[in-house]
Amino acid sequence: LDREEIGELIDSGFGGLSRYIVQNWILENGPDVESLELIVRTKDVTISPHQYIDWCDELLKLDPNNECALESLLFHQERSTETENGGEVAERLLRINPNNSGGRRHKIITLIENGRFEDAFEACEDIIKQDSDNIFALRQRGIVCTHMGNYEDAAFFWSEWLETGEAPIGDWFRAARAHYNARHFSECISLLEEISDEFSEKEKVLDLLIRAKYSIFDWNACFELCEEMLKVNSRNSTGLKYSRLTRARVSNKMAVFSVKESDSLAYSEGQAFLSWFEYL
């Protein structure tokens, strides 16, 4: 069994083919540490997590502190609904290798789930000190700062994450929302306009765009976006609210009447009629 050749196949994305070759070799020759390390690395999506967990357990019987087995076991336990969340395995991994990426990732996720955001942020910073391009830690900093309500830092770290070129479209929206919360309205608008045609949840983009445009006093754009929003959903609360707030500001005519006079005045079709409270 050519370990290097199989490793290259796995790294090239041929997990299924690699698994087939190694599994056949094991059936003919019996399992050993080297062959089991290869097969647990393959991550063939056509094979159930339980089968991989069995291979990991078999490898750990031969080598109880095998990092490859523990890392793969953690990976498949996290994705199996019928197994525990992998906390014990992550702890074992970090005892063997404090810098193991799988163990550190699990630790950060657990800290976030438990509301220990400052500890999670420090863990991300520790990873980035050693690996400045670590995409998991770079992304989690924005998530952690958002949870803490530290919007200035959240906006900064989300922007850093976008600059890597690895961010999915959903993270562009999260970054825009962080900038809005930090009152960086122009940055928010710029990000939303970049994804407006691609982001699947049109109402969410329009909602944030409307509020950002209103915040920079761009009444015309805000009103036009409200009309667009109400075409998508005529009962949308943001569209209704800001349409009312901006209608007077984009109108050419405004009439203000006192209570005494209002009874004697008739409204004719085509006449712009706005009460004082609508203008506000």
Side-chain angles (χ1 to χ4, degrees), residues 1-113 120 123-124 126-141 143 161 164-168 171:
L1 190 66
D2 191 326
R3 183 185 179 93
E4 186 176 338
E5 185 178 351
I6 297 297
E8 288 176 1
L9 273 177
I10 295 169
D11 294 339
S12 299
F14 295 98
L17 175 61
S18 306
R19 190 270 311 160
Y20 177 79
I21 294 170
V22 179
Q23 192 171 9
N24 281 341
W25 189 93
I26 290 174
L27 288 172
E28 292 180 9
N29 301 278
D32 59 19
V33 171
E34 184 175 283
S35 60
L36 287 169
E37 280 185 342
L38 285 172
I39 203 166
V40 300
R41 283 180 55 199
T42 55
K43 298 177 182 176
D44 181 1
V45 294
T46 66
I47 302 298
S48 73
H50 287 290
Q51 177 60 76
Y52 274 98
I53 290 170
D54 289 342
W55 283 327
C56 291
D57 289 339
E58 194 170 355
L59 177 51
L60 288 168
K61 288 177 184 176
L62 298 176
D63 180 5
N65 292 324
N66 189 282
E67 188 174 351
C68 183
L70 290 169
E71 191 164 12
S72 182
L73 183 61
L74 178 62
F75 175 85
H76 292 290
Q77 280 190 348
E78 287 177 339
R79 284 154 183 78
S80 174
T81 57
E82 299 175 18
T83 60
E84 296 181 2
N85 62 12
E88 182 182 341
V89 177
E91 288 178 9
R92 288 176 63 186
L93 258 177
L94 292 173
R95 282 198 298 269
I96 294 166
N97 178 8
N99 294 324
N100 180 274
S101 59
R104 291 191 301 187
R105 178 181 54 79
H106 185 89
K107 178 182 177 181
I108 290 170
I109 291 173
T110 302
L111 289 170
I112 293 173
E113 289 175 349
C124 290
D126 288 341
I127 293 174
I128 291 169
K129 285 176 185 176
Q130 299 173 27
D131 177 11
S132 59
D133 297 324
N134 188 285
I135 60 174
F136 175 78
L138 288 170
R139 181 175 188 267
Q140 293 303 310
R141 287 192 304 181
I143 292 173
W161 165 234
T164 66
E166 300 288 342
D171 283 353

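Nothing fancy with the numbering, it's 1 onward along the sequence.
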Engineer: What distance separates Leu94 CG from Arg104 CZ, expressed to the nearest 0.5 Å?
Structural biologist: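 If we round to the nearest 0.5 Å, Leu94:CG and Arg104:CZ are 8.5 Å apart.
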Engineer: Check whether any side-chain heavy atom of Trp25 sits under 4.5 Å from a side-chain heavy atom of Asp32, and report yes or no.
Structural biologist: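 Side-chain contact under 4.5 Å: yes.
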Engineer: Glu71 and Gly102: which non-hydrogen atoms are nearest, and at how many Å?
Structural biologist: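 Closest approach of Glu71 to Gly102: OE2-N, 3.7 Å.
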Engineer: Within the 3.5 Å criterion, strictly below it, is a donor on Thr42 or Tyr52 matched to an acceptor on the partner's side chain?
Structural biologist: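 Side-chain D/A pair, Thr42 to Tyr52: present.
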Engineer: Looking at Leu70, Ile39, Val33, Leu73, which one forms a side chain to side chain contact (heavy atoms under 4.5 Å, CB included) with Leu59?
Structural biologist: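 So, applying the side chain to side chain contact (heavy atoms under 4.5 Å, CB included) to Leu59 and each of Leu70, Ile39, Val33, Leu73, only Val33 qualifies.
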Engineer: Got more than 12 heavy atoms from elsewhere within 6.0 Å of CZ, Phe136?
Structural biologist: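 Enclosed.
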Engineer: Given side chain to side chain contact (heavy atoms under 4.5 Å, CB included), test Leu60 with Arg92 step by step and report yes or no.
Structural biologist: CA-CA 12 Å; Leu60 288 168; Arg92 288 176 63 186; 4.2 Å; yes
Engineer: Please round to the nearest 0.5 Å and tell me the distance separating atom CD1 of Ile112 and atom CD of Gln140.
Structural biologist: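 Rounded to the nearest 0.5 Å, the CD1-CD separation comes out at 4.5 Å.
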Engineer: Give the minimum heavy-atom separation between Leu138 and Ser132, together with the two atoms involved.
Structural biologist: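 So the two residues come closest at CD1-O, 3.8 Å.
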Engineer: Looking only at non-hydrogen atoms, find the nearest pair between Ser18 and Ile6 and report the distance.
Structural biologist: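 Shortest heavy-atom contact: OG-O, 4.0 Å.
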Engineer: Please check if atom CD in Gln51 has more than 12 non-hydrogen atoms from other residues, nucleotides or ligands closer than 6.0 Å.
Structural biologist: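 Yes, the 6.0 Å shell around CD holds more than 12 heavy atoms from other groups.
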Engineer: Between Ser35 (side chain) and Pro31 (backbone), is there a donor-acceptor pair under 3.5 Å?
Structural biologist: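 Absent.
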Engineer: So which heavy atom on Cys56 is nearest to which on Ala69, and how close?
Structural biologist: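 Minimum heavy-atom contact is SG-O, 3.6 Å.
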Engineer: Are Cys124 and Ile108 close enough that some pair of their side-chain heavy atoms sits under 4.5 Å apart?
Structural biologist: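 A side-chain contact under 4.5 Å exists here.
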Engineer: Can Glu37 and Arg3 be counted as an ion pair, charged N to O under 4.0 angstrom?
Structural biologist: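 Result for this pair is yes, salt bridge flagged.
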Engineer: Begin with the C-alpha distance, continue with both residues' side-chain angles, and end with the deciding distance and a verdict on side chain to side chain contact (heavy atoms under 4.5 Å, CB included) for Asp11 and Arg41.
Structural biologist: CA-CA 9 Å; Asp11 294 339; Arg41 283 180 55 199; 3.3 Å; yes
Engineer: Roughly how far, to the nearest 0.5 Å, is CG of Asp54 from OG of Ser48?
Structural biologist: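 Ser48 atom OG to Asp54 atom CG measures 8.0 Å (nearest 0.5 Å).
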Engineer: Any side-chain heavy atom of Thr164 sitting closer than 4.5 Å to one from Asp133?
Structural biologist: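 A side-chain contact under 4.5 Å is absent here.
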Engineer: Rounded to the nearest 0.5 Å, what's the gap from CD on Glu8 to CG on Asp2? Could you check?
Structural biologist: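 Separation between the atoms: 8.0 Å.
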Engineer: Rounded to the nearest 0.5 Å, what separation is found between the OG1 atom of Thr110 and the CD atom of Glu91?
Structural biologist: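 So the gap between those two atoms works out to 9.0 Å.
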Engineer: So how far is it from Lys107 NZ to Ile127 CD1, rounded to the nearest 0.5 Å?
Structural biologist: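 Spacing of NZ (Lys107) from CD1 (Ile127) equals 9.0 Å.
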Engineer: Is there a side-chain contact between Arg141 and Ile128 in this structure, where contact means two heavy atoms from C-beta onward sitting under 4.5 Å apart?
Structural biologist: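 Arg141 vs Ile128: side chains touch.
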Engineer: Check the surroundings of atom CD in Gln130: do more than 12 heavy atoms from other residues, nucleotides or ligands lie under 6.0 Å from it?
Structural biologist: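 It does: Gln130 CD has more than 12 such atoms within range.
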Engineer: Start with the C-alpha gap between Asp63 and Asn66, add the side-chain angles, then the distance that decides, and say whether side-chain hydrogen bond (donor to acceptor under 3.5 Å, both in side chains) holds.
Structural biologist: CA-CA 5 Å; Asp63 180 5; Asn66 189 282; 3.1 Å; yes
Engineer: Is Ile143 close to Trp161 at the side-chain level, that is, under 4.5 Å between some pair of heavy atoms?
Structural biologist: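 They are not in side-chain contact.
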Engineer: Answer yes or no: is there a side-chain heavy-atom contact under 4.5 Å between Thr46 and Arg19?
Structural biologist: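 A side-chain contact exists here, since the closest heavy-atom pair is under 4.5 Å.
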Engineer: Apply the test side chain to side chain contact (heavy atoms under 4.5 Å, CB included) to residues Trp55 and His76: give CA-CA distance (whole Å), side-chain angles for both, the deciding distance (0.1 Å), then the verdict.
Structural biologist: CA-CA 11 Å; Trp55 283 327; His76 292 290; over 6 Å; no
Engineer: With a 4.5 Å cut-off on side-chain heavy atoms, are Ile96 and Leu93 touching?
Structural biologist: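 With C-beta onward as the side chain, the pair stays apart.
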Engineer: Would you say that Asp57 contacts Ile53 through its side chain, given a criterion of any heavy-atom pair below 4.5 Å between the two side chains?
Structural biologist: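 Yes, at least one pair of side-chain atoms sits under 4.5 Å.
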